[in-house]
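Okay, structure first, notes after.
As the structure is a computational prediction, the values presented were derived from the model and not from experiment. A note on names: the letters A, B, ... follow the listed sequences, proteins ahead of strands, and every chain is numbered from 1.
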There are 2 protein chains.
Amino acid sequence: MRVTGDQALVKKLNKSIVLDTIRRKGPLSRTDVSERTGLNKATVSNLTAELLEQKLVEETGPGESSGGRKPLMLLFNEAAGCAIGIELGVTLVKAALTDLKGGILLERSTPLGRHDPESAFAAIREVTVPLLEAAPDTPYGLIGIGVGVPGMVDEAGIILYAPNLGWEGIGLKTRLEAEFGVPVVIDNEANAGAAGEREYGAGRHVRHLVYVSAGMGIGSGMIIDGQLYKGARGYAGETGHMSIESDGRLCSCGSRGCWELYASERAYAYAEASEKNTAADDKNAAAADQASSLPSLTTRELTTRARDGHEETIAMYTEIGRRLGIGITNLVNGFNPEKIVVGGPLTEAKEWIEPAMLEAIAERALPYHRRELAISFSGLGSRSAVLGAAHLAVSQFLGRVRVSL
Amino acid sequence: MRVTGDQALVKKLNKSIVLDTIRRKGPLSRTDVSERTGLNKATVSNLTAELLEQKLVEETGPGESSGGRKPLMLLFNEAAGCAIGIELGVTLVKAALTDLKGGILLERSTPLGRHDPESAFAAIREVTVPLLEAAPDTPYGLIGIGVGVPGMVDEAGIILYAPNLGWEGIGLKTRLEAEFGVPVVIDNEANAGAAGEREYGAGRHVRHLVYVSAGMGIGSGMIIDGQLYKGARGYAGETGHMSIESDGRLCSCGSRGCWELYASERAYAYAEASEKNTAADDKNAAAADQASSLPSLTTRELTTRARDGHEETIAMYTEIGRRLGIGITNLVNGFNPEKIVVGGPLTEAKEWIEPAMLEAIAERALPYHRRELAISFSGLGSRSAVLGAAHLAVSQFLGRVRVSL
DNA sequence: AGACTTAGTTTATCCAATAGACAAAGTATT
DNA sequence: AATACTTTGTCTATTGGATAAACTAAGTCT
């Protein structure tokens, strides 16, 4: 939508700047805010007065004097409302009730046995209702629900394609909005995770961030200039289907050599197949077909084995780490992010994956890209997506105006 | 830089909107502009009055009446100034003098024999001076110079690394600004090409565009939401070093299986090596070492061969096309652009490359990404980078304010 | 106690967008 | 040709933001 400039826009922009400054750097005095933002003291005073009235900001009493009148400190009022973040996983539905700063008030989860939409809706209801009931009495109440789903989501919140759930074209947003009567944001699990890490985790204060979520597949959430990049239609980030082996393993997507076949839990199946076939080889059709089915072992089981010193398992994780590094290198060279954050269930095996991953990146990434690149694992653990989803709702509630010259 | 809102910003924004609307959709009447932008008629009148005074807009006389007073049509005055775009190639320096709408007024080029910076400066001077002298007398004169270079450029216009020129840390921007006394913009050749195609070529009106420039290497220019995406430090787009073969050919960058070893002119060397070694194989160390040197044949020579029906050459181009398609698929899945534009010297062999490229993309790209994806070859041919570079200068001159809610 | 500092508010001013009235310049109808 | 209607573009008064500067409030330092 094209936006023209008028005074309402100016006010919206400046109010958003003031709120954001207090939220991120608070507690601050009005004068601090004025100096940090460049806005006039009077402007800050007026806008904070409105924010106080809106209960989004609180005065927390006098601060330290630096040789004159004591400042009245301002703080973002994270208790002005609450949000619910939901991660719809393939086997598990997790949800958290948070305040506006991502503080967790209550969590619930339930296993997801069947994948039909009705079962999933029931599971979502099951985890959400207790949170709704436990929600504290706040000025704004529940401001929204964010959901991270394992699939592609379009701009209208329709789940276009979620292979691991067998879903196509499910209008989750409409359904949940009707059910709970609050705004709902649906996004890809990796995008939610990226938002979570960027806001509350390992990616704070990072402008250009790529979050790589490795589990049963690989997805990436890309944050460009502080904002989720969604691409032309909202499908960006399907890096799991980046081919790192032009004529490699056949993927269910129809392509070959997809990254996630080598560097996610999906790789387990190939390792299993190669254990059975002594003459195992990617070109061995039998092994490959066998492998394209789901792995029989879970990360939990395999990390136990690795901890017991099982060499083949450790070697497998080393190879997965190397392949993760190869794919990440591709993203680094193409995107030049400031930081890469790796998360998802696979990171339970971090211990055996990390060295090979870092080595591959160190050997293969372009020198200038590598030089100013930070790499870390998820700071929120298994909560990246849930907290990110909640933040998507908060972010939409608070609004944000951005100007670039 | 953080920007706060005030009336100056509002005016800048709206003026930029009015100018842009006239530039892109002109000729338009004031009323047309008002309706298209949503700005009040009076506002449009005031702003156009200033634009007329600034000579950036002209009144071209009355238009067709639709049952009332005839409108006074407004047109962007592309003759208000001129720009120079330069492409610093490895073997050739090209330059064009353009008006503010990318219309070419004069072109010059000169071969680049030696690669030391002084020789390159001399070549740039050689092509630029005649253009300066031929520049018509305009209100603003020469508004700036844009340069596309085969390497990585940082935000300050320093060429950090240009392997094909053997340059590291050359301050081209400062040097040229001192020499010509006008603002200079330096960017990667692929970024310049992307800007050119987006503004004047195959990517007009496309918000999310990836331009793939294939020549002696591969570089990409990524346009996100109408703006060049540069990454954290300005090095984004080095997709030529995306590995599409994890343990493939050894690249001079230190990595393996880099895309450009398979899908650019660099692949010629491997084809030559494999012709000589009957037992040729990527794993054959001798062949690979031999190949890592530069190819002995040029695209011009090879396309001649292909035209003559030389089967091995045609097979080589088919393979290059397939590999191009594989890499493009990776970009499409990750980026979800609206359009991919392929350009660069390699596209002279389009005839033999295109079918395999399109087939690979059709087979391998994810269905939803493919469905709304357009793919085309450069609309500006060998002028993408030169025109894009000129546009970078124009764009900086005209300024642009963007707001997102 | 008095001088100085710092925090935050009040006041007058400025400036751009806007709605609506209006003037200008056409077309359509009688 | 006269009149009614339409469309274009300008003019005028108003609105509502930000701002600088003056001012009040409330502290510290000597």
Side-chain angles (χ1 to χ4, degrees), chain A residues 2-19 21-22 25-53 57-75 401 403, chain B residues 2-19 21-22 26-54 57-75 401 403:
Chain A
R2 180 153 239 174
V3 180
T4 59
D6 59 4
Q7 295 198 330
L9 180 79
V10 169
K11 185 166 186 180
K12 212 164 162 180
L13 168 64
N14 288 342
K15 200 164 168 183
S16 158
I17 289 172
V18 170
L19 179 57
T21 306
I22 296 172
K25 317 280 169 129
L28 294 174
S29 70
R30 288 164 174 78
T31 305
D32 289 339
V33 175
S34 166
E35 280 166 3
R36 274 173 188 272
T37 60
L39 289 166
N40 188 282
K41 285 196 296 174
T43 308
V44 173
S45 261
N46 287 330
L47 293 174
T48 44
E50 288 189 23
L51 289 169
L52 284 166
E53 201 170 342
V57 164
E58 277 183 328
E59 281 181 339
T60 59
E64 284 298 288
S65 159
S66 56
R69 171 176 164 182
K70 283 185 183 169
L72 265 168
M73 303 313 275
L74 300 167
L75 205 57
V401 185
V403 175
Chain B
R2 181 152 237 176
V3 181
T4 59
D6 60 4
Q7 295 196 318
L9 179 80
V10 170
K11 186 166 186 180
K12 213 165 163 179
L13 168 64
N14 288 342
K15 201 163 167 183
S16 158
I17 290 173
V18 170
L19 180 58
T21 306
I22 296 172
L28 295 173
S29 71
R30 288 165 174 79
T31 304
D32 289 339
V33 174
S34 166
E35 280 166 3
R36 276 173 186 271
T37 59
L39 290 166
N40 188 281
K41 285 194 296 173
T43 308
V44 172
S45 260
N46 287 330
L47 294 174
T48 43
E50 289 188 23
L51 290 168
L52 284 166
E53 201 171 341
Q54 288 178 276
V57 163
E58 278 183 327
E59 280 181 339
T60 59
E64 283 298 287
S65 159
S66 55
R69 171 176 164 182
K70 284 184 182 170
L72 264 168
M73 304 313 276
L74 300 167
L75 206 56
V401 185
V403 175

Margin query: If the test is side-chain contact (heavy atoms from CB on, under 4.5 Å), which one of B:Leu74, B:Leu75, B:Thr21 qualifies with B:Leu28?
Written below: B:Thr21
Notebook entry, point to check: Roughly, in whole Å, what's the span from CD in A:Glu64 to C1' in C:dA7?
Noted result: 15 Å
Checklist line | Whole angstrom value for the distance that separates P of D:dA26 from CE of A:Met73 | finding: 18 Å
Protein-nucleic acid N or O pairs under 3.5 Å, nucleotides 13-22 of chain D:
unit_1: D:dG16; atom_1: O4'; unit_2: A:Gln7; atom_2: OE1; d: 3.2
unit_1: D:dG16; atom_1: N2; unit_2: A:Gln7; atom_2: NE2; d: 2.2
unit_1: D:dG16; atom_1: N2; unit_2: B:Gln7; atom_2: NE2; d: 2.7
unit_1: D:dG16; atom_1: N3; unit_2: A:Gln7; atom_2: OE1; d: 2.6
unit_1: D:dG16; atom_1: N3; unit_2: A:Gln7; atom_2: NE2; d: 2.9
unit_1: D:dA18; atom_1: OP1; unit_2: A:Asn14; atom_2: ND2; d: 3.0
unit_1: D:dT19; atom_1: OP2; unit_2: A:Asn40; atom_2: N; d: 3.1
unit_1: D:dT19; atom_1: OP2; unit_2: A:Thr43; atom_2: OG1; d: 3.1
unit_1: D:dA20; atom_1: OP2; unit_2: A:Asn40; atom_2: ND2; d: 2.8
unit_1: D:dA20; atom_1: N7; unit_2: A:Asn40; atom_2: ND2; d: 3.2

Notebook entry, point to check: Taking it one step at a time, do A:Ser34 and A:Val44 satisfy side-chain contact (heavy atoms from CB on, under 4.5 Å)?
Noted result: CA-CA 6 Å; A:Ser34 166; A:Val44 173; 3.9 Å; yes
Checklist line | Nearest-0.5 Å distance that lies between atom CG in B:Leu19 and atom CG in B:Asn14 | finding: 12.5 Å
Next item on the list: Salt-bridge test for A:Arg30 and A:Glu35: reply yes if a basic N is under 4.0 Å from a carboxylate O, no otherwise.
Entry: no
Notebook entry, point to check: Is any side-chain heavy atom of A:Asp32 less than 4.5 Å from a side-chain heavy atom of A:Lys25?
Noted result: no
Next item on the list: Mind calculating the distance between NZ (B:Lys12) and P (C:dC15) to the nearest angstrom?
Entry: 17 Å
Checklist line | Check: A:Lys12/A:Gln7 side-chain N/O donor and acceptor closer than 3.5 Å | finding: no
Next item on the list: Please state how far atom CG in B:Leu28 lies from atom C1' in D:dG9, giving the value in whole angstrom units.
Entry: 15 Å
Check: Should the pair A:Lys11-A:Glu50 be classified as a salt bridge under the 4.0 Å nitrogen-to-oxygen rule?
Finding: yes
Check: How does protein contact run along nucleotides 25-30 of chain C, one letter per nucleotide 5' to 3', with B for base contact, S for sugar-phosphate only, - for none, heavy atoms under 4.0 Å?
Finding: BBS---
Next item on the list: May I have all residue pairs that pass side-chain hydrogen bond (donor to acceptor under 3.5 Å, both in side chains) and include part of residues 60-72 of chain A, sequence neighbours excluded?
Entry: none
